[in-house]
Protein chains: 2
Amino acid sequence: MTATLDQRIRGDISARIQSGEWPPGTRIPYETELAAHYGCARATVSKAMETLARAGLIERRRKAGSFVARPHSQSAVLEVPDLASVAAAKGETYRWQRTRRAALAAGEAPDIAGIAGAALAVEGVHFADDLPFAIEERWISLAAVPGCADEDFADTAPGTWLLGHVPWTHARHRIRAVAASAAEARRLAIRPGTACLSLERWTWRARDYVTYVRQLFPGDRHDLIADFDPS
Amino acid sequence: MTATLDQRIRGDISARIQSGEWPPGTRIPYETELAAHYGCARATVSKAMETLARAGLIERRRKAGSFVARPHSQSAVLEVPDLASVAAAKGETYRWQRTRRAALAAGEAPDIAGIAGAALAVEGVHFADDLPFAIEERWISLAAVPGCADEDFADTAPGTWLLGHVPWTHARHRIRAVAASAAEARRLAIRPGTACLSLERWTWRARDYVTYVRQLFPGDRHDLIADFDPS
DNA sequence: AAGTGGTCTAGACCACATA
DNA sequence: ATGTGGTCTAGACCACTTC
């Protein structure tokens with residue numbers, strides 16, 4: 001029921017924006033005016049406004065004031081959970097089966113992985129209720145993740161291990177639809193040419209590549225959900 | 001070069017986390033300790049810590065202190081730009097061709113759209129350099145967006161119009177890989193069964209559905225990129 | 001030149017989780 | 001019972017932008 005003053009101010013303003021009462025371009029009252037209106041310190045108003053600005057609802061300009069922002073694109077937060085968690089959430093049994101583990105010398109990792117130095121290559125299949133639902137190909141930079149040389153990844157999928165052991169600073173995902181090749185189809189127990197979701201992820205730590213992974217899901221066994229609330 | 005004290009504190013701490021010096025679970029010095037170390041007020045430290053907590057780098061617990069977070073899932077910000085902007089960014093000519101516009105009475109919109117009342121149905125094709133690269137099916141709630149009854153959407157894609165005219169509070173995206181049906185393939189000038197990326201988006205304003213849209217892209221003509229920096 | 005947001009201070013009190 | 005984070009205040013000065 002009761003909320004902080006910060007939240008109340010934020011709520012009042014975003015309600016006016018979302019109701020259309022303050023259309024894009026409207027000037028919001030100055031911080032001093034709002035502080036007087038709420039009978040609080042300007043710092044409290046400022047904090048609320050900063051949060052709204054970071055959420056993209058308003059734009060702030062010195063000397064001019066704060067204005068309701070014009071939306072320019074839809075954005076959404078895509079959660080890419082650990083596959084074991086996905087299966088667990090659906091009440092399915094999860095299993096990882098490694099099919100390859102190889103230490104590669106410098107230059108042997110494929111170009112797309114972006115790893116120039118020595119790397120560890122790992123491939124395997126994720127099963128839910130004993131049905132394969134994703135194949136995974138991964139390369140890990142040994143320079144960036146020296147500890148992974150001691151892991152065999154026979155029982156634990158590398159993604160699960162990396163998540164808890166390696167800090168990263170930037171990640172890029174590419175999502176595509178592709179037809180399953182004959183080899184991929186065999187490992188996923190589907191027909192060649194079936195539409196599959198391809199999820200690629202490059203992970204950096206500072207300027208060094210940490211890992212590149214490609215996961216392939218049969219189209220009817222996986223989808224990605226992204227939710228977004230501006231707030 | 002020079003930054004605010006807030007940024008400096010944040011940078012120092014995230015550097016220690018990202019370098020691995022402070023692995024997940026490490027207790028970060030108390031706010032009072034950090035304030036003494038930097039010779040500043042606790043509020044300044046608190047602001048830095050709050051930002052780090054919102055970015056997911058740390059977890060704060062009353063009485064216990066703040067701790068380096070254990071990452072549990074990868075998350076990424078998926079930008080879903082207006083398709084006209086995508087084409088423009090690639091230097092391609094963009095064109096929208098409407099193929100259907102129909103006012104529907106209550107109950108006539110498909111269940112998946114979630115719109116119980118009267119709705120406007122719009123379908124069309126997005127072209128880049130005169131090649132179809134997406135088909136779109138959309139339903140707009142007339143109750144939530146009364147102004148759209150006056151739009152014919154012959155020249156402007158509804159997404160472009162809605163972005164600038166309708167405030168929304170929540171959106172959900174679903175991304176899947178599907179095989180093109182015969183009808184879809186014909187409109188996209190591809191072969192039936194081709195792997196396509198299906199992007200669905202439900203948009204709410206408070207508790208009311210505003211619009212539902214499904215866009216279908218040939219797999220080789222579109223992909224989605226999502227970047228993420230924790231900060 | 002004037003006035004806005006941006007940052008910071010040195011307190012204060014509170015709520016809550018832990019010990 | 002204690003000590004942490006959570007919030008807020010009443011000031012202050014600065015930087016930047018617009019007038």
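Here the P atom of nucleotide D/dT4 and the CZ atom of B/Arg27 are 8 Å apart, to the nearest Å. One can place OH of A/Tyr38 at 17 Å from P of D/dT7, the figure rounded to the nearest angstrom. D/dT9 atom C1' lies 13 Å from atom CD1 of A/Ile9, rounded to whole Å. We find that OH of B/Tyr30 is positioned 16 Å from P of D/dT2, with the value rounded to whole Å. As a whole-Å value, the separation of A/Arg42 CZ from C/dT9 C1' is 14 Å. Between A/Gln7 atom CD and D/dG6 atom P the separation is 12 Å, expressed in whole Å. We find that CD of A/Glu31 is positioned 15 Å from C1' of D/dA12, with the value rounded to whole Å. Computed from coordinates, the A/Asp6 CG to D/dT9 P distance equals 11 Å when rounded to whole Å.
For the pair B/Ile28 and A/Leu5, nearest-nucleotide mapping onto DNA chain D gives the more 5' position to B/Ile28. For the pair B/Arg61 and A/Glu50, nearest-nucleotide mapping onto DNA chain C gives the more 5' position to A/Glu50.
Using a 4.0 Å cut-off between charged side-chain N and carboxylate O, A/Arg16 and A/Asp12 make no salt bridge.
In this structure, A/Ser14 contributes its side chain and A/Arg10 its backbone to a donor-acceptor pair below 3.5 Å.
The residue B/Ser46 sits close to a base: some heavy atom pair falls under 4.0 Å.
For the pair B/Arg95 and B/Phe127, the cation-pi criterion (under 6.0 Å, within 45° of the ring axis) is fulfilled.
A donor and an acceptor atom sit less than 3.5 Å apart, one in the side chain of B/Lys63 and one in the base of D/dT2.
Distance check, rounded to the nearest 0.5 Å: CZ of A/Phe67 to OG1 of A/Thr26 gives 9.5 Å.
The phosphate of C/dT18 (OP1 or OP2) has no side-chain N or O of B/Arg62 nearer than 4.0 angstrom. OP1 or OP2 of D/dT9 lies within a sub-4.0 Å distance of a side-chain N or O belonging to A/Thr44.
In this pair, B/Trp168 and A/Phe228 present their aromatic rings tilted. The plane angle is within the 30 to 60° band.
Relative to the side chain of A/Arg60, the nucleotides C/dC13, C/dG5, C/dC8 differ in distance, and C/dG5 lies closest.
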